[in-house]
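Here's the structure, in structure tokens; my notes come after.
As the structure is a computational prediction, the values presented were derived from the model and not from experiment. Just the heavy atoms: all of them, side chains too, but no hydrogens, waters or symmetry mates, feed the values below. Below, read A as the first sequence line, B as the second, and so on, with proteins coming before strands; counting in each chain starts at 1.
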Number of protein chains: 2
Amino acid sequence: MSNTETASSNTLLAITQLRDLIFSGRLGAGTDHLEGELAERLGMSRTPVREALLRLECQGLVEVRRRKGVRITPFTPKDMAEVYDVLTELEGLAAARAAARNLSDDDLAPMVQAIADMEAAVAVCNRDDWAAADDIFHCELVRLGGNDRISMITQIMADQMRRARLVILYIRPAPMHSSKEHRKLVDAIRAGDADLAKQIQRQHRTVAKGLLLELLERHHLSVL
Amino acid sequence: MSNTETASSNTLLAITQLRDLIFSGRLGAGTDHLEGELAERLGMSRTPVREALLRLECQGLVEVRRRKGVRITPFTPKDMAEVYDVLTELEGLAAARAAARNLSDDDLAPMVQAIADMEAAVAVCNRDDWAAADDIFHCELVRLGGNDRISMITQIMADQMRRARLVILYIRPAPMHSSKEHRKLVDAIRAGDADLAKQIQRQHRTVAKGLLLELLERHHLSVL
DNA sequence: ACTGGTTCTAATGTATGCGTAAAATTCAGC
DNA sequence: GCTGAATTTTACGCATACATTAGAACCAGT
């Protein structure tokens, strides 16, 4: 036990490490892996690995198959469309609800900060930082919506498309104008205009869906 | 092994049995239970019970707590509101998508049948049968929407409110007019009117939310 | 009697071994 | 050479034993 950050349990550690392996592509989409192999790779026994895999299965990241090992769930353009459709609806509602809550500037501060971070990242062409700030923005948005189930679902959707998003992040045009939309959304929420907030967020996701699907098709990325 | 329906695996069997125990209230909302107790109760070892509990946790039915056993997740009016808000959005989209798909009468047959079953159940005042047919109706609706993620999410939401629904089923007014709405929805889908279909379904869920929340409050059902 | 620390207990977290069933291989028969 | 049945392999499902640790109980000192 040389490592100090023992995540408090091997199962949690396995979840973290497996997520890393999946998101980074070291466990490729559609590939099969045995519990035993993964356990050895993570330096622990099968039990915590198995529990971690069950949890990841619930989140749609792997598929546990009877005696064929676990398959890293592939992600196709159809999946991308599904995810964006769900996000459009749920984040749209979250935006409306947030607007209806008369939030203070303190409440909105994290979103404002995330926008600033995105702009800073765009200014120096750092797409990873932009993506991280974008994540925080959307996470904060649904949090302010006040519906924990929506937060949970959008988190899962974000994870499911993480690999695809990483690829797209570097082939898409730089997200120059997106922070303008984000600002408008924050303004609408601050002004308490629920309909406008919902409309802006829906538009944001709908446009993004079209853009990303087109990119995937153009680059023949049929599975990620 | 006198039982013929061995569900093919103890873990699956544990999931089924635990769901029954939870939905029937024999494992009461908010109560704590030890893995060992549950294992003994189900006549198997801790391992499959533990795996079943992990899966149920992902579905929000139980909470596995650090060394304090598992808690049967309570369900409050706030949860009910959250669930209905999610259903309003996602089923609304599913209805619109179904309408946009030019479905054949064969495709719509299960929904039509479910409506007939609901009416038959109402005619003989059998609320359980009505609820079962209603489940099928909504399940079919989202299935025809064609978004597997929405199907999965609505299934989970339905399970989460199953206990509450069971209680409400017998204190709510008889669902006399609901099949009229359902028919209108099917007509809109058949006619390919996506906007109307969405509107009808959203209205359906929104009204139901108000009705149920009012009932919960009136009967002082703050946790189920 | 109260507080601080220690010990003890018990429930979970993890490792391990075995039985089982599905897949792969081999071999017999055609 | 091919097909299909028997055998072998092997990966998982599950049981069991052990380690760990949170919380309870207890004890000593004031």
**Request:** Give a yes-or-no answer on whether the side chains of A:Ser104 and A:Asp107 include a donor-acceptor pair shorter than 3.5 Å.
**Result:**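 Side-chain D/A pair, A:Ser104 to A:Asp107: present.
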**Asked** Is there a donor-acceptor pair under 3.5 Å between the side chain of B:Glu82 and the backbone N or O of A:Asp148?
**Response** yes
**Prompt:** So, is B:Thr47 close to the D:dC14 phosphate, meaning a side-chain N or O under 4.0 Å from OP1 or OP2?
**Reply:** no
**Contacts of type salt bridge (Lys or Arg N to Asp or Glu O under 4.0 Å), residue B:Asp106, not counting sequence neighbours** =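 Partners of B:Asp106 by the salt bridge (Lys or Arg N to Asp or Glu O under 4.0 Å) criterion come out as none, since no residue qualifies.
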**Prompt:** A:Arg71: what forms a salt bridge (Lys or Arg N to Asp or Glu O under 4.0 Å) with it, not counting sequence neighbours?
**Reply:** A:Asp32
**Item:** Opening and closing nucleotides of DNA chain C in contact with chain B, under 4.0 Å to non-hydrogen atoms
**Value:**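 Contact boundaries, 5' end first: C:dA11 to C:dT14.
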**Pairing residues for A:His33 by the ring-ring contact (aromatic ring centres under 6.0 Å, His included) criterion, not counting sequence neighbours** =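 Expected list: none.
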**Prompt:** Who are the ring-ring contact (aromatic ring centres under 6.0 Å, His included) partners of B:Phe137, not counting sequence neighbours?
**Reply:** B:His182
**Message:** If I take atom CG in residue B:Leu42 and atom P in nucleotide D:dC14, what distance separates them, rounded to the nearest angstrom?
**Reply:**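 Atom-to-atom, B:Leu42 to D:dC14, this comes out as 12 Å.
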**Request:** Classify every nucleotide of nucleotides 8-13 of chain D by which part a protein heavy atom approaches to under 4.0 Å, writing B for the base, S for the sugar-phosphate alone and - for neither, in 5'-to-3' order.
**Result:** ---BBB
**Message:** So that I can tick it off, tell me whether B:Arg19 and B:Asp159 are bridged by a salt bridge, with the cut-off set at under 4.0 angstrom between side-chain N and carboxylate O.
**Reply:**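 Looking at B:Asp159 and B:Arg19, the cut-off is met.
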**Message:** Strictly below 4.0 Å, N to O, side chains only: are B:Glu91 and B:Arg202 in salt-bridge contact?
**Reply:** no
